[in-house]
Amino acid sequence: MISSIENILQKSSDQRLKDMEKTPGLLAILPLLYVVWADSVLTPSEMEIIRSNTIERDWMNAEEKALLSQWLDPKNPPADAVLKSWSQIIKQACRAADEQQHQSAVEFGLDLLRCHDEQAYERWSGRFPFQDLSGIERSLGILGLDAYSNILPKQMQLPEEEREADFSIEDMQALLDGEYVETKNKMRAILTDPAFRIRHFSNKHEYRAQTLKWCHMLAEQGVGAYAYPKEYGGGGDIGKYMAAFEVMGFHDISLLIKFGVQFGLFGGSVAQLGSAKHHEKYLNDIGQLELAGCFAMSEIGHGSNVNDAETTATYDAGAQEFIVHTPRPGASKYWIGNALHGSMATVFAQLIVGDKKEGVHAFLVPTRDADGKLLDGVIVRDIGYKMGLNGVDNGQIVFDQVRIPLDNLLDRFASVSPEGEYSSPIKSQSRRFFTM
């Protein structure tokens, strides 16, 4: 059934109408779907409202629900050809009744049947989901005929007010937004969704939970993986990531910082300092926020003077493991975002192989198990409230002889063999440090 419905989109408008008659549930929802996808973004709240009033009801059959689920996927929006086809179906069905003054998608949906086939209309109109579709329109704030003006024949469109300007508003917006105007518009649509409403939180725990939830919503939209290689579930476009990040800064700074830690610092360290084995194993989960992580670089004793970090990672050739250790309180990792929510950290530590220090390198160190419990040897402390950033779970991390596998060295610029031989294509330790 699904493939036959999809084939409808490849046919002439008359034939599409004839075929769509057999799928009344999709006809009923089609005008509203067109409106919510018109700006190319389906926000989290819109998606939930439509799902709860369609897929979770019994007025659509299983095949229709399956196809509708595909059309509600924010990562795979309907192509322009599909939207154009929907518009043609709606206009064709309304043409016979273009003198009527429809007021909602509810009426449009019913007319898609009535205008094409009175018998189909009579068979199905008795169970037409007026309440469900009207509820969607009210919840989404789609009120009045003007919301559908671009898919109606001219005779049915409401008169527009004269709002002429002496310059092109669209050109001005394009100039200000630059190359990534579509990305910025998508982010504006997402962040103005009711699910992202800014509110006062009574304590840091509520604020942090909300910020984490927002990050999950953005990951569901594919935003977190914009910069990662396409072969690992990403978009392969760092500029797109930065454009989304820029718009986020106008919404909530805690969200900006937590998003940046998860997808930029943690994910970015894996992408930029790791090799293919790390990309294959971790990047897709990081981009989906299935793996939450942090960027453990700064230490309380040296701030951001990373070259003098005191955390050590000593190679044990017999076990083929690194032993990550905090030698003194001043060497503890501090101000670490995502420390309370994360289950892995990119840890910058002095690599020791044999009796030689090879300088600061980055290691992936698991901090929590699947149930969120801290692993042996890992201590995480909440550093408390912060002015203006209480939605970020900054913490202090201490490692007490924590063992990690050899493969957990992010080895794009340096590696250690199982036998304990260190090698790097960059011979100068200082140059290697600054490259990393």
Side-chain angles (χ1 to χ4, degrees), residues 219 222-238 240-242 245 259-298 306-307 309 311-316 320-324 333 336-339 342-353 358-368 375 378 397 399 402-418 420-427 429 431-436:
V223 180
Y226 277 168
Y228 303 157
K230 292 182 179 179
E231 57 266 37
Y232 304 113
D237 191 338
I238 184 64
K240 190 174 183 180
Y241 172 88
M242 294 305 297
F245 194 67
F259 181 94
V261 168
Q262 168 65 25
F263 304 109
L265 294 179
F266 176 55
S269 65
V270 175
Q272 299 299 325
L273 299 180
S275 54
K277 62 186 177 184
H278 302 111
H279 300 165
E280 181 71 30
K281 187 173 182 179
Y282 298 113
L283 276 185
N284 185 69
D285 286 347
I286 294 172
Q288 298 288 333
L289 227 177
E290 296 295 327
L291 173 61
C294 52
F295 188 79
M297 182 180 71
S298 298
V306 184
N307 197 37
T311 300
T312 59
T314 304
Y315 184 61
D316 179 354
Q320 295 185 18
E321 294 175 331
F322 295 103
I323 304 170
V324 180
K333 299 298 181 180
I336 308 303
N338 235 13
S343 57
M344 180 174 282
T346 295
V347 178
F348 288 80
Q350 299 286 351
L351 171 60
I352 302 173
V353 182
E358 300 291 355
V360 174
H361 292 65
F363 302 82
L364 293 176
V365 183
T367 57
R368 285 182 170 79
L375 298 175
V378 179
I397 307 178
F399 302 100
V402 176
R403 288 179 172 268
I404 60 173
L406 172 60
D407 279 348
N408 283 31
L409 167 66
L410 294 176
D411 58 357
R412 177 180 176 184
F413 298 107
S415 62
V416 177
S417 72
E421 181 180 346
Y422 178 83
S423 62
S424 172
I426 306 173
K427 300 307 178 183
Q429 186 176 123
R431 180 174 294 179
R432 184 167 59 245
F433 168 75
F434 283 109
T435 299
M436 289 192 289

For the residue pair V416 and L406, establish whether any side-chain heavy-atom pair is separated by less than 4.5 Å.
-> yes

Any donor and acceptor pair, going by atom type alone, linking the side chain of Y315 with main-chain N or O of P418 inside 3.5 Å?
-> yes

Under 3.5 Å, side chain of S424 to main-chain N/O of F413, donor-acceptor pair present?
-> yes

Examine distances only and state if a side-chain atom of E358 and a backbone atom of Q429 form a donor-acceptor pair shorter than 3.5 Å.
-> no

Grab the two heavy atoms, one from A414 and one from R432, that are nearest each other, plus how far apart they are.
-> CB-CD, 4.2 Å

Output yes when R403 and D316 qualify as a salt bridge under the 4.0 Å nitrogen-oxygen rule, no when they do not.
-> yes

Shortest non-hydrogen contact between S275 and D411, atoms and distance = OG-OD1, 2.6 Å

With the side chain counted from C-beta on, respond yes when L410 and F348 share a heavy-atom pair under 4.5 Å apart, and no when they do not.
-> no

Could you state the interatomic distance from CZ (F266) to CG (L364), rounded to the nearest 0.5 Å?
-> 6.0 Å

Is the side chain of T312 donor-acceptor paired with the backbone N or O of T314 at a distance under 3.5 Å, no angle test?
-> no

Determine the minimum heavy-atom distance between G342 and T367, stating which atoms define it.
-> O-OG1, 3.4 Å

Counting distance only, does the side-chain N/O of N338 pair as donor-acceptor with the main-chain N or O of G293 below 3.5 Å?
-> yes

Does any N or O in the side chain of Q288 come within less than 3.5 Å of the main-chain N or O of G222, such that one atom is a donor and the other an acceptor?
-> no

Supply the atom-to-atom distance N408 CG to K281 NZ, rounded to the nearest 0.5 angstrom.
-> 6.5 Å

Taking side chain as C-beta onward, heavy atoms only, is Y228 less than 4.5 Å from V270?
-> no

Determine whether L273 and H278 make a side-chain contact, defined as any pair of heavy atoms from C-beta on separated by less than 4.5 Å.
-> no

V324 side chain reached by T311 side chain, heavy atoms, under 4.5 Å = yes

V353 versus G420, closest heavy-atom pair with distance = CG1-O, 3.1 Å

First locate atom CD of Q272, then atom NE2 of H279, and finally report the distance between them rounded to the nearest 0.5 Å.
-> 7.5 Å

Report yes if some heavy atom in the side chain of I397 is under 4.5 Å from a heavy atom in the side chain of C294; otherwise report no.
-> yes

Check: Y422 ring centroid to H361 ring centroid under 6.0 Å = yes

Going from CE on M344 to CD1 on I404, what distance comes out if it is rounded to the nearest 0.5 angstrom?
-> 9.0 Å

When rounded to the nearest 0.5 angstrom, what is the spacing between CD1 in I323 and CZ in F399?
-> 14.5 Å

Over 12 foreign heavy atoms within 6.0 Å of CD, E421 | no

Between A225 and G287, the two heavy atoms sitting closest are CB-CA, 4.1 Å

Hey, are the side chains of L289 and F263 touching, using non-hydrogen atoms and a 4.5 Å cut-off?
-> yes

Shortest non-hydrogen pair, K333 vs V347, comes out as CE-CG1, 4.0 Å

CD1-OH distance between I286 and Y232, expressed to the nearest 0.5 angstrom = 12.5 Å

Flag if over 12 foreign heavy atoms under 6.0 Å of NZ, K277 = yes

Look at the aromatic rings of F322 and F363 and report parallel, tilted or perpendicular, splitting at 30° and 60°.
-> perpendicular

Determine, step by step, whether V360 and Q350 satisfy the side-chain contact (heavy atoms from CB on, under 4.5 Å) criterion, reporting the C-alpha distance in whole Å, the side-chain angles of both residues, the deciding distance to 0.1 Å, and the verdict.
-> CA-CA 4 Å; V360 174; Q350 299 286 351; 3.4 Å; yes

Sub-3.5 Å donor-acceptor pair from the side chain of Q320 to the main-chain atoms of P405, do we have one?
-> no

